[in-house]
Amino acid sequence: MTHTGFTLWLTGMSGAGKSTISDKIIERLRTAGAKVELLDGDIVRTNLSQGLGFSREDRDTNIRRIGFVSELLSRNGVIVVVAAISPYRETREEVKAKIGNFVEVFVNCPVEVLAARDVKGLYKKALAGEVGNFTGISDPYEPPLHPDVEVRTDRETVDESLDRIWAELRRRGFISQ
Ligand code: ADP
């Protein structure tokens, strides 16, 4: 498979499915012979953004750093997959404008379903008021108004979501097969 460098940016609330979908799409891209790198918000926060908190300013700094690395990699032909809550629309638009080859995926799932899934046990705590600045509960999440792809993980299987993202990458000419 041939491909250009681009950034596939997955935004959505905690537990929506960003990591799950990222892992699978990366596996599929690597199997096809592509050069791919993952920037996962949780992992970035333990190194590149160590010490940052969850204020708007710190969240924006984190996203700008991820955007900066994504640009360096994608302009060198690498496919970058970003899995980060990235709650602020304006900041996502800013990194999108800087990077250029950018596909925004809105990983959407209703908060009731997220609270029921409670993958990391954080929704229960956030709803009980034990976690401050929790996106979607005690902190804002601004959904994309015009995402390139919107996946509804409460209604589709992971493979269905994956196929729709893949189709968009092909449609845009970023991947050849
Ligand atoms: P995030 O990275 O957005 O915090 P995770 O990928 O860690 O979310 O968790 C999402 C959870 O939802 C996983 O347990 C996953 O198995 C489940 N899930 C159910 N349906 C889907 C789907 N269509 N896409 C992605 N995840 C799904």
Side-chain angles (χ1 to χ4, degrees), residues 1-49 59-109 114 119 135 141-177:
M1 181 183 75
T2 57
H3 65 86
T4 58
F6 65 91
T7 296
L8 180 69
W9 190 289
L10 281 72
T11 173
M13 293 182 1
S14 178
K18 302 179 297 299
S19 299
T20 305
I21 293 171
S22 297
D23 289 348
K24 280 220 154 189
I25 206 142
I26 284 172
E27 191 186 312
R28 193 161 158 184
L29 286 164
R30 286 209 175 115
T31 302
K35 271 198 284 184
V36 195
E37 193 54 72
L38 170 68
L39 294 174
D40 180 286
D42 288 343
I43 296 167
V44 168
R45 277 184 173 278
T46 66
N47 46 72
L48 185 64
S49 285
R59 286 180 187 273
D60 283 349
T61 301
N62 183 42
I63 294 310
R64 289 191 182 107
R65 287 180 188 171
I66 294 173
F68 175 77
V69 177
S70 300
E71 195 208 339
L72 295 186
L73 289 169
S74 58
R75 79 176 183 219
N76 280 288
V78 176
I79 299 173
V80 183
V81 179
V82 175
I85 298 174
S86 39
Y88 296 108
R89 194 175 291 135
E90 193 185 334
T91 321
R92 291 193 305 268
E93 291 298 321
E94 185 188 309
V95 294
K96 175 181 175 172
K98 274 205 180 126
I99 294 170
N101 280 359
F102 189 94
V103 178
E104 185 179 49
V105 179
F106 178 23
V107 183
N108 191 5
C109 185
L114 296 175
V119 188
T135 299
Y141 179 77
E142 300 173 355
L145 298 177
H146 305 288
D148 297 301
V149 184
E150 177 175 348
V151 295
R152 276 292 299 257
T153 67
D154 58 321
R155 292 190 199 144
E156 351 179 326
T157 65
V158 180
D159 283 330
E160 283 168 344
S161 302
L162 210 68
D163 287 345
R164 296 206 302 107
I165 296 167
W166 195 270
E168 174 66 9
L169 298 180
R170 288 192 53 179
R171 194 190 68 76
R172 296 269 291 267
F174 288 149
I175 59 174
S176 65
Q177 68 180 41

Please collect all side-chain hydrogen bond (donor to acceptor under 3.5 Å, both in side chains) contacts where either partner lies in residues 12-22, sequence neighbours excluded, each pair once.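 Non-adjacent pairs meeting side-chain hydrogen bond (donor to acceptor under 3.5 Å, both in side chains): Ser19-Asp40.
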
Evaluate the side-chain proximity of [Y] to [X]: yes if any heavy-atom separation is below 4.5 Å, no if none is.
X: Tyr88; Y: Ile63; value: no
X: Leu8; Y: Leu10; value: yes
X: Val36; Y: Val81; value: yes
X: Lys35; Y: His3; value: yes
X: Phe6; Y: Ile79; value: yes

Short question: side chain of [X], backbone of [Y] - any donor-acceptor pair under 3.5 Å?
X: Thr135; Y: Tyr141; result: no
X: Asn62; Y: Ser49; result: no
X: Trp166; Y: Gln177; result: yes
X: Arg89; Y: Pro143; result: yes
X: Asp148; Y: Glu104; result: yes
X: Thr11; Y: Ile85; result: yes

With a cut-off of 6.0 Å (strictly less than), are more than 12 heavy atoms of other residues, nucleotides or ligands near CZ of Arg170?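 Atom CZ in Arg170 is not crowded, with 12 or fewer foreign heavy atoms closer than 6.0 Å.
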
State, without any angle test, whether Arg59 and Thr91 hold a side-chain donor-acceptor pair at a distance under 3.5 Å.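 Side-chain D/A pair, Arg59 to Thr91: absent.
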
I'd like to know whether Leu162 forms a side-chain contact (heavy atoms from CB on, under 4.5 Å) with Ile21, so could you lay out the CA-CA distance, the side-chain angles of the two residues, the decisive distance to 0.1 Å, and finally the verdict. CA-CA 7 Å; Leu162 210 68; Ile21 293 171; 4.3 Å; yes

Who pairs with Arg164 by salt bridge (Lys or Arg N to Asp or Glu O under 4.0 Å), at least two apart in sequence or on another chain?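 Expected list: Glu156.
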
Point-to-point distance, once rounded to the nearest 0.5 Å, from [atom1] of [X] to [atom2] of [Y]:
X: Arg30; Y: Leu38; atom1: CZ; atom2: CG; result: 8.0 Å
X: Arg45; Y: Ile43; atom1: CZ; atom2: CD1; result: 13.0 Å
X: Arg92; Y: Asp60; atom1: CZ; atom2: CG; result: 10.5 Å

Salt bridge between Lys24 and Glu27, side-chain N to carboxylate O under 4.0 Å?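 Salt bridge between Lys24 and Glu27, a charged N being under 4.0 Å from a carboxylate O: no.
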
